[in-house]
Amino acid sequence: MKSCLTLILALSIVATASPALASDHAQGILHNPLDQVLAPLGYQPSINIDITNIPPQDDRSQAHLDTEHSRDHPRQYPLPMSAFSSPPDSILQPIDISPPLPIFPRRTHPVSPVHVRTDDTSTPLPTNKFYGNWLLGDAHAPIWTHPYGLRWDSMGGNWLQTDSPQQGLSISHIDDSSKAFGPLDEHQASRYYLNPFLVSMGMSAMELTQGHSMTVGDFGEFGCTLILTPGGKSEQGRPDEEEAQQITVPVVRGMAFVTGVYRDLTPRVFSNILVRTLTLDEAFTGTSGGGGGWVKYRFLLENGVTWLVYAKANQGGAPLRLELQGQGQAVATSGRFSGVLQIVKVPVGNGGAEATYDQAKGVYATKGDLVIRQKYVNSDTAGYRIDWTLAGDTTAPFIHFTLPHHRSILTTNVTPTTIELASTTKGKMVAYQGASWHLLEPERLAVDFLPEGWPNLVTQEQLQEIRRQAEQDVVNMDFDAGTDLDSMYFAGKGLAKFALLCLVTKDVLQDTTGLYDKCLAKLKSAFQRFMSNQQQNPLVYDVTWKGLISGQGLEKGALADFGNTWYNDHHYHYGYFIHTAAIIRHLDPQWTSLEINSFVHGLLRDVANPSSSDPYFPVFRSFDWFMGHSWSQGIFVSLDGKDEESTSEDINLYYAMSLWGRVAGNPELDKLGQVMLTVARRSIQAYFLMEADNKNQPASFVKNHVTGILFENKVDHTTYFSPRIECIQGIQMIPATPALPMIRRKEFVQQEWDDLLRARVDQIEDGWRSILMMNYATLDKDAAWQYFTSNKNVPLDDGMTKTWALFYVASQKP
């Protein structure tokens, strides 16, 4: 049920080829025949596609959170005295900085990072960040900063060909009208869409011939730095500041300009779309034009789109002069160049964009810093800040692209421009002026172990039925057999379902008959196996990338346990364990206190370490603070970038983090989990769970109501494990916890049920029906209750007990 690669080939096999895209191999879009050729190189297959047009999208986004989701008031736990003594200004404090527990053997990973600058190899390496393709394989798979796609080309023209002078950094951006769509299903919904990687522009130099070198470093939450050097002159350490020929490109989420800092190279700009006209803006460039030493060129491409190139030589250097050679490239005739060169796209039909770009040229971001201060989360709000570090002409007005979920909570310290460009999979991006983004969520989600107000919602008759079921489940269910499995994912699901069973016996049923004691004893015994790392496939500490991984993949290959060993899905897998631990600590605060702390903190550090002060794990392995959600995919090369499948298991991690921080006396971790849950709620509702009026996804795709698998560059309404509609929709419904209704608005559930699930549910005969019926309790709790009580042997999902299903259904608000 995960973002695994086990059945990835199905995405290619079931798609229908389109003759209209027969030439797309030359643009880096791989179809089934090449998938087989490239599979040994580590590339994932891409689906085949049909071309259709998409209607224009407006920029409407949800301005306010749904008022029906009121803030919970969780139970308070006693905190250690240290928690009350002058808390630090930031909540992004290290969870721990000690070495991983000795129970985790040290191992070297079979996949080594490539092209990493020597200075950066000693620090924990990012595995799930958007620029990950540049650290893997031959590093030629693209990445997406949004709105642009970037690809390093060194093997010749059009990436896979060797008969053309395309070398350097290829830049792609297409408008919504050029998105490629799959066929319509019976609901008149497109099954998938993607963005063909068309090389609109490219940044290079005459010295960057075939086989030139690339290194990447300065890894951060919002980007990295790319360095291109001529063949034979690559240094994986920092190049000599005075002598090395190179192009340094800061690669940052949302950057408006693609900026290259040249050192002693002859610039070359190329395009696969071909250049219709190349024009020097003499009025801007001349001494009376206000250019300030800048040169400006307009590239009008054959598709009617204009791109601008700005350049300024270092003091004493000759101004850049470009000359068109054929229709595919422009080469500097002014000799070698040291200075700044910037490339930017002009939105079609926006007559004022050029003037804005003229003013904003010269300044660019080199990185972003996440700031979450105590004062941002001291009330019921959830505030965070992104500070962009600037270089170049920092007196110029800095502009940067925002996504829809940013704009609905940005405060007034930044101002919008009129410049809009389409993102690949998340709607319109708008350039804003301002180097510090303050984002304020009006309601911070703080969710308790049990649904808010449940005592007033569950009747005495229902409690009696829940008690009868709990007596059967506690006695008859084999906790060891249900958790001692060869998969961290399924073992985690098993532990969490038994933990919820114990939670009900204690906090709901208030059991004093020994049933609760029996349940908790069985749960502790099962959990102890993992705390001692004695499960079937123990975790190991990977000294290469630095993380806790299943040892199974080291013996059975990359796809074992959904790719856990290759850093797939850690936020899904480990979220279940952290949730289980939080329930155990809540029920028995004294049980193996130090041991459980160390184990849980190891998992938390692996998946959501908030501080670079921790030398053993990367910062926020999975969560993307620019996108507002996590990425599932680890160290696999992917032609469409990172992806996310199960949003509900994503938010389960943040919910578990908050609960653990609360019971473990770590208020910073509690608040961090709440902030991440709140941020993810907005992002998931904006892009993944689509109501009928959603404007961020194409109109023909919105009818699917869930994205299925959302990549950086494509969205496919499917799963990695099944094409069944109940699986595609249902993977967004597990686990059913008090956090789930926070992201699944009642209006959304109603539309999804009416359009896709109502006609299907009675035909389902396995555990997926139970998942859909628990979800249906949001709309009709009585009907859902009747389903679970009328059939003694109702099929259940492997992460669910009937006891919890009954309680969850009964506790829903009418």
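In this structure, T145 and V252 approach most closely via the heavy-atom pair CB-O, 3.6 Å.
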Where do H212 and W152 land on the side chain to side chain donor-acceptor pair (under 3.5 Å) test, with the steps shown first? CA-CA 10 Å; H212 71 271; W152 173 52; 2.9 Å; yes

Report the C-alpha separation of Y687 and H629 in whole Å, then their side-chain angles, then the decisive distance to 0.1 Å, and conclude whether the ring-ring contact (aromatic ring centres under 6.0 Å, His included) test is met. CA-CA 10 Å; Y687 311 122; H629 62 84; 7.5 Å; no

Residues T266, E207; criterion side chain to side chain donor-acceptor pair (under 3.5 Å); working and verdict: CA-CA 7 Å; T266 308; E207 294 82 0; 2.8 Å; yes

Could you give me the CA-CA distance, side-chain angles and deciding distance for V251 and Y131, then say whether side-chain contact (heavy atoms from CB on, under 4.5 Å) is met? CA-CA 9 Å; V251 177; Y131 46 81; 5.5 Å; no

Could you please spell out the steps behind the side-chain contact (heavy atoms from CB on, under 4.5 Å) verdict for S611 and L92? CA-CA 6 Å; S611 172; L92 300 176; 5.7 Å; no

The test is side chain to side chain donor-acceptor pair (under 3.5 Å); show your working for N272 and Q166 and say whether it passes. CA-CA 9 Å; N272 277 1; Q166 181 175 309; 3.0 Å; yes

Between Y310 and L341, does a side-chain contact (heavy atoms from CB on, under 4.5 Å) hold up when you go through it step by step? CA-CA 6 Å; Y310 296 90; L341 187 148; over 6 Å; no

Output, in order, the C-alpha distance, side-chain angles, deciding distance and verdict of side-chain contact (heavy atoms from CB on, under 4.5 Å) for L150 and W144. CA-CA 6 Å; L150 304 177; W144 285 266; over 6 Å; no

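In this model, no donor atom of one side chain and acceptor atom of the other lie less than 3.5 Å apart for H570 and S622. Looking only at atom types and distance, the side chain of S550 has no donor-acceptor partner in the side chain of N564 under 3.5 Å away. Y376 and R385 form a side-chain donor-acceptor contact under 3.5 Å, judged by distance and modelled atom types alone. Using modelled atom types and a 3.5 Å distance limit, the side chains of D153 and Q167 yield no donor-acceptor pair. Between the side chains of R407 and T402, at least one donor-acceptor pair of N or O atoms lies under 3.5 Å. Side chain to side chain, S338 and N314 fail the donor-acceptor criterion of an N or O pair below 3.5 Å. Side chains of N195 and K179: a donor on one and an acceptor on the other come within 3.5 Å. Counted by atom type alone, D643 and Y720 present one or more donor-acceptor pairs between their side chains at under 3.5 Å. Side-chain N/O atoms of T424 and N713 include no donor and acceptor closer than 3.5 Å. With hydrogens and angles left out, the side-chain atoms of Q329 and R268 include a donor and acceptor closer than 3.5 Å. Checking S90 against R373 by side-chain atom types alone, no donor-acceptor pair falls below 3.5 Å. Side chain to side chain, D624 and W631 meet the donor-acceptor criterion of an N or O pair below 3.5 Å. With hydrogens and angles left out, the side-chain atoms of N413 and T411 include a donor and acceptor closer than 3.5 Å. Residues T248 and Q246 have side chains that bring a donor and an acceptor to within less than 3.5 angstrom of each other. Residues H571 and Y654 bring no donor and acceptor atom of their side chains to less than 3.5 Å of each other.
Remark: side-chain polar atoms of Y357 are paired, donor with acceptor, to backbone N or O of K345 under 3.5 angstrom.
Each of V249, T259, L208 was scored for a side chain to side chain contact (heavy atoms under 4.5 Å, CB included) with M203, with one residue passing: V249. Y572 pairs with exactly one of S632, S630, S646 by the side chain to side chain donor-acceptor pair (under 3.5 Å) rule, that one being S632.
Ion pairing between a basic and an acidic side chain is recognised when a charged N comes within 4.0 Å of a carboxylate O; D716 and K714 show no such pairing. Contact check on R253 versus E221 returns no salt bridge, with no Lys/Arg side-chain nitrogen under 4.0 Å from an Asp/Glu carboxylate oxygen.
Taking NZ of K642 as the reference point, atom OG1 of T127 lies at 7.0 Å (rounded to 0.5 Å). To the nearest 0.5 angstrom, S436 atom OG is 10.5 Å from F398 atom CZ. Atoms NE2 and CD1, on H438 and I409 in that order, are 12.5 Å from each other to the nearest 0.5 Å.
Using a 30° and 60° split on the angle between ring planes, W625 and F623 fall in the perpendicular class, above 60°. Ring planes of Y567 and H109: parallel class, angle under 30° (limits at 30 and 60°). Relative orientation of the F626 and W388 rings is perpendicular, given thresholds of 30° and 60° on the angle between their planes.
I171 has its side chain within reach of W307: a pair of non-hydrogen atoms, C-beta onward, lies under 4.5 Å apart. Within the 4.5 Å cutoff, side-chain heavy atoms of L169 are placed close to those of L226. Residues M214 and V216 are in side-chain contact: their nearest non-hydrogen atoms beyond the backbone lie under 4.5 Å apart. Here the side chains of L135 and W545 are in contact, with some heavy-atom distance below 4.5 Å.
Applying the salt bridge (Lys or Arg N to Asp or Glu O under 4.0 Å) definition to pairs two or more places apart or across chains, those involving residues 610-622 are R605-D614, D606-R621.
Residues passing the ring pair (Phe, Tyr, Trp, His ring centres under 6.0 Å) test with F401, sequence neighbours excluded: none. Legend: residues meeting ring pair (Phe, Tyr, Trp, His ring centres under 6.0 Å) with W134, ordered by chain and number and at least two apart, are absent.
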